[in-house]
Amino acid sequence: MTRRDLPTYTLGELAGLLGARLVGDADRRVSGLATLKEAGPDQVAFLANRAYLKDLPETRAAAVLLHPQHGEACPAARLELDNPYLGYAALSRLLDPLVGREPAGVHASAVVDPSVNLGERVEVGANAVIEAGAALGDDVIVGSGSVVGADAVIGEGSRLHANVTVCHGVVIGERAILHSGCVIGGDGFGFAHDGARWHKIAQLGGVVLGNDVEVGSCSSIDRGALGDTLIGDDVKIDSQVQIAHNVQIGDHSALAGCVGIAGSTKVGRHCMLGGGVGLSGHLTICDGVQVTGMSLVTNSITEPGVYSSGTGAMKNVQWRKNAVRFKQLDDIAKRLSRLEKERDG
């Protein structure tokens, strides 16, 4: 996309859309967003972290989105907001080059079954496949090489990037964003062992994603064994996350990269799981829980708060000493218990 294709706004228009106080020329037109260091004279920059305050005096941006307390130090026009990071999020969507473009329709190489129900302004990319009985709401975009399985439902305004797989019978809510390589509705890991070999258990459930869900690249959400795997509204899932069959994720929760959740675990609303967190199966995590990166959770959590189990990196020499001491903890605990009994006896 060329520079002239980018969306453009006057600073006055942006101030109105963001609910910001403008100090500067309301007619100045801008067409991009960049950092304080890299912004040019037709772009907007933002300051949401004090660590970058040092870059403010030298910025070449047409305007800077910032908190009012930093306004006097700004050499350019400014858009003042009490929460500049939230304003940056809104500004990024306004200046996204994909916003406002005309849908390209159904590509000639796409395979769309005649029984598919296509809404208005639907776009289907090259070599995409939409199988029988699927339904796509208005303004849905299916990227090149993506597959939408039989009887799947994609809600209004949702976007599948290139090479996304939505398996049969999956239900995707409105305004979902599914990034390349993610698989929604693959079989859960279900097998029975007879003592010599494994026998597959057919996965008969589905997956239901709520509204405003985002799933990162190469993440997998497995279909339920019998009932559905359920992902609530406004859940944000990073890349390379594994969600097993019949898991439930509550509204507004966020999962960072490489989280793994075993089958039938229930995660509450407004939870945050840091990168590399693992949850064992059949657990319940209550609302408002934050689990820090690389932690392993093996028991249910019933009280909101921050939980950790991973240990920080240290020099290998120190780690080896600590590992030896960890093996000695049980013996030390028993000896301490005996000493306490002798003292109290």
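This is a predicted model, so every value here is computed, not measured.
- Put simply, L118 and V170 are part of the same group of oily side chains (I, L, V, M, F, W, Y) that touch within less than 4.5 Å, one to the next.
- Side-chain atoms of S300 and T284 include no donor-acceptor pair closer than 3.5 Å.
- In this structure, W198 and F191 have perpendicular ring planes: the angle between them is above 60°, well past the 30° mark.
- More than 12 heavy-atom neighbours from other residues, nucleotides or ligands sit within 6.0 angstrom of CD on Q318.
- A 6.0 Å sphere centred on OH of Y307 holds more than 12 heavy atoms belonging to other residues, nucleotides or ligands.
- Each of V215, I249, I243 was compared with V235 under the side chain to side chain contact (heavy atoms under 4.5 Å, CB included) criterion, and only I249 meets it.
- No single ILVMFWY cluster, assembled from side-chain heavy atoms under 4.5 Å apart, contains both L230 and L255.
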Intermediate values then yes/no, salt bridge (Lys or Arg N to Asp or Glu O under 4.0 Å), R29 and D27: CA-CA 6 Å; R29 189 164 288 275; D27 295 325; over 6 Å; no
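- The aromatic rings of Y85 and Y88 sit tilted, their planes meeting at an angle between 30° and 60°.
- Inspection of the D222 and H245 side chains reveals no N or O donor paired with an N or O acceptor under 3.5 Å.
- In the model, R223 has a side-chain atom that pairs as donor or acceptor with a side-chain atom of H168 under 3.5 Å.
- Shown here is E303, whose CD atom has no more than 12 heavy atoms of other residues, nucleotides or ligands within 6.0 Å.
- At a threshold of 4.5 Å between side-chain heavy atoms, the hydrophobic network of Ile, Leu, Val, Met, Phe, Trp and Tyr places V267 and M272 in two separate groups.
- Counting only distance, with no hydrogens or angles, the side chain of S115 and the backbone of G133 share a donor-acceptor pair below 3.5 Å.
- Ion pairing between a basic and an acidic side chain is recognised when a charged N comes within 4.0 Å of a carboxylate O; E72 and R78 show such pairing.
- Note on V208 and I154: separate hydrophobic clusters, where clusters join Ile, Leu, Val, Met, Phe, Trp and Tyr whose side-chain heavy atoms are under 4.5 Å apart, directly or indirectly.
- No chain of hydrophobic side-chain contacts below 4.5 Å, direct or via other Ile, Leu, Val, Met, Phe, Trp or Tyr residues, connects V147 to V164.
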